[in-house]
Amino acid sequence: MKAHPMVGDTLLAALIASFDVLIFVARVVTDPSVEPRPEPWYVTLPLVVGVVTPIVFRRRYPIVSAYLVLGVGIVHSLLEIGLASAITSCVALYTLVAYVSRRAALLYVAVNVVITLVQTPWQYPHDWVVTLIFVILATGFSWALGEFNGARRAYNAEVERRLRLLETERDQQARIAVAEERARIARELHDVVAHAVSVMVVQADGAAYAVHSQPELAERAVKTISSTGREALTELRRLLGVLRSDQASSERTPQPGTQSLSDLAARVRTVGLPVQLDIVGNVDDLPAGVGLGIYRIVQEALTNSLKHAGHGSSATVRVERTGDRVDLSIVDNGYRVAGTLVGVSGGNGLIGMRERALVFGGTLEAGPRPSGGWQVRASLPFGNT
């Protein structure tokens with residue numbers, strides 16, 4: 001019935017009409033001397049149909065339906081055909097209260113009361129007070145029922161509206177989370193690929209240069225390329241595993257952290273960039289996210305030094321923990337133009353380092369050193385992580 005309301009309203013109209021039809025039949029089969037006699041069927045049936053038909057369309061055209069019921073009901077009531085005019089008038093009032101507005105319903109009641117006051121004393125001179133009380137009670141009941149149903153419909157509409165808002169908010173949060181995760185994976189992939197490829201390119205160039213004159217050095221460079229490639233593949237598998245479903249079985253490897261800085265420095269040294277690693281304070285018990293951020297910042301900074309510092313350069317990495325803060329300093333003495341320290345700008349690697357620091361409410365600066373070379377300085381608080 002809720003999916004097809006006109007079906008239910010048609011059944012309601014048929015039920016109301018059946019009352020008048022039964023009254024008509026009962027009057028016809030009774031003793032002819034009993035008054036009042038019914039009107040002929042060709043008068044009675046059209047009026048019965050006319051007074052109940054607007055009920056079928058009451059939800060789609062509530063105001064028009066209500067006043068059609070009122071208009072046909074005047075003739076129906078004057079001829080005393082049955083109860084259909086009174087019942088349909090109550091249904092029309094209920095519909096106006098529940099589906100239109102109180103103002104429209106109040107106007108309808110006023111018109112109905114005026115018609116009743118004009119019609120009742122003439123039609124029922126002896127019991128017009130009883131009839132008027134019945135009209136008032138029926139009007140009050142219909143109004144109360146309409147208010148109840150209207151309030152319930154308004155409540156359901158508000159609940160549905162809030163559910164739609166919650167679904168929209170949930171979808172937006174899901175899209176934001178997906179975008180953030182994609183950005184994180186992109187940064188991770190950039191760090192892994194850029195570092196690994198830089199090492200492999202440098203080693204491949206060295207191996208090509210020394211393959212004839214120094215085969216041992218070339219062999220060592222090739223082994224470094226192989227191990228670097230394997231490590232990069234392991235990191236890529238771990239990162240791409242994030243994109244798989246939760247049910248997919250995949251091998252998980254621990255994320256790198258401060259405990260992996262020594263291995264990172266050793267790998268960079270084998271490539272040809274001397275790295276001095278100084279760790280001050282205990283950094284082994286840092287939160288996993290902070291440890292990963294430190295590792296990636298150092299990795300990206302050393303990768304940039306490896307690519308741009310030039311032959312004969314060296315780098316110094318200093319990781320110092322002071323209370324709930326870790327300070328990083330990655331400095332090289334490469335052949336860059338001397339200048340003042342500048343903010344991070346340009347390059348996905350520098351942007352990635354800055355974002356990693358900002359995640360923990362920290363800061364990061366990178367730029368050329370006044371005495372030459374390049375420096376990266378970061379400060380990562382972790383007390384509230």
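We number each residue from 1, following the sequence as shown.
Arg321 pairs with exactly one of Asp327, Asn282, Asp285 by the side chain to side chain donor-acceptor pair (under 3.5 Å) rule, that one being Asp285.
Between the CZ atom in Arg269 and the CD atom in Gln276 there is a gap of 9.0 Å [rounded to 0.5 Å]. Separation of atoms OH (Tyr295) and CG (Leu264) is listed at 4.5 Å; rounding is to 0.5 Å.
For the pair Leu106/Arg103, no side-chain contact is recorded, criterion being any heavy-atom separation below 4.5 Å from C-beta on. Taking 4.5 Å as the limit, some side-chain heavy atom of Met6 sits within range of a side-chain heavy atom of Arg60. Side-chain contact between Arg369 and Trp374 is absent, with no heavy-atom pair separated by less than 4.5 Å. Residues Leu302 and Ile330 form a side-chain contact, since some pair of their non-hydrogen atoms from C-beta on lies under 4.5 Å apart. Using a 4.5 Å cut-off on side-chain heavy atoms (C-beta onward), Leu380 and Ile297 make contact. Side-chain contact check for Phe19 versus Ile87: some heavy-atom pair is nearer than 4.5 Å. With contacts defined as side-chain heavy-atom distances shorter than 4.5 Å, the pair Ser85/Val51 qualifies. Within the 4.5 Å cutoff, the side chain of His76 has heavy atoms near those of the Asp20 side chain.
Linking Ile, Leu, Val, Met, Phe, Trp and Tyr residues whenever their side-chain heavy atoms come within less than 4.5 Å leaves Tyr155 and Tyr94 in two separate clusters. Residues Leu83 and Ile81 are members of one and the same hydrophobic cluster, defined by side-chain heavy-atom contacts under 4.5 angstrom among Ile, Leu, Val, Met, Phe, Trp and Tyr. Linking ILVMFWY side-chain heavy atoms closer than 4.5 Å, directly or via other members, places Ile115 and Val91 in a single hydrophobic cluster. Side-chain heavy atoms closer than 4.5 Å link hydrophobic residues (I, L, V, M, F, W, Y) into clusters, and following such links, possibly through other members, connects Leu45 to Leu15. Cluster membership check: Trp41 shares its hydrophobic cluster with Val52, using side-chain heavy-atom separations under 4.5 Å among Ile, Leu, Val, Met, Phe, Trp and Tyr.
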Test side-chain contact (heavy atoms from CB on, under 4.5 Å) applied to Val97 and Ser142, step by step = CA-CA 9 Å; Val97 175; Ser142 301; over 6 Å; no
For Asn112 and Ser89, what are the C-alpha separation, side-chain angles and deciding distance, and is it a side-chain hydrogen bond (donor to acceptor under 3.5 Å, both in side chains)?
-> CA-CA 9 Å; Asn112 200 1; Ser89 179; 3.0 Å; yes
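Counting heavy atoms of neighbouring residues, nucleotides and ligands inside a 6.0 Å radius, atom CD1 of Ile63 does not exceed 12 of them.
With sequence neighbours excluded, no residue forms a salt bridge (charged side-chain N to carboxylate O under 4.0 Å, His left out) with Asp278.
Using a cutoff of 4.0 Å between basic side-chain nitrogens and carboxylate oxygens, Glu320 and Arg318 are scored as salt-bridged. With respect to Glu147 and Arg102, a salt bridge is recorded, a charged nitrogen being found less than 4.0 Å from a carboxylate O. A salt bridge is absent between Arg296 and Glu300; no separation between the charged side-chain nitrogens and carboxylate oxygens falls under 4.0 Å. A salt bridge links Glu158 to Arg162: one of the charged nitrogens lies within less than 4.0 Å of a carboxylate oxygen.
The backbone N or O of Pro40 sits less than 3.5 Å from a side-chain atom of Thr44, completing a donor-acceptor pair. When atom types are taken as modelled, the side chain of Ser260 and the backbone of Asp263 share no donor-acceptor pair closer than 3.5 angstrom. Side chain of Arg354 to main chain of Leu364: no donor-acceptor pair is present (N/O by atom type, distance under 3.5 Å, no hydrogens or angles).
Checked by atom type, the side-chain pair Arg152/Asn149 shows a donor-acceptor distance below 3.5 Å.
Aromatic ring centres of Tyr108 and Tyr67: separated by under 6.0 Å.
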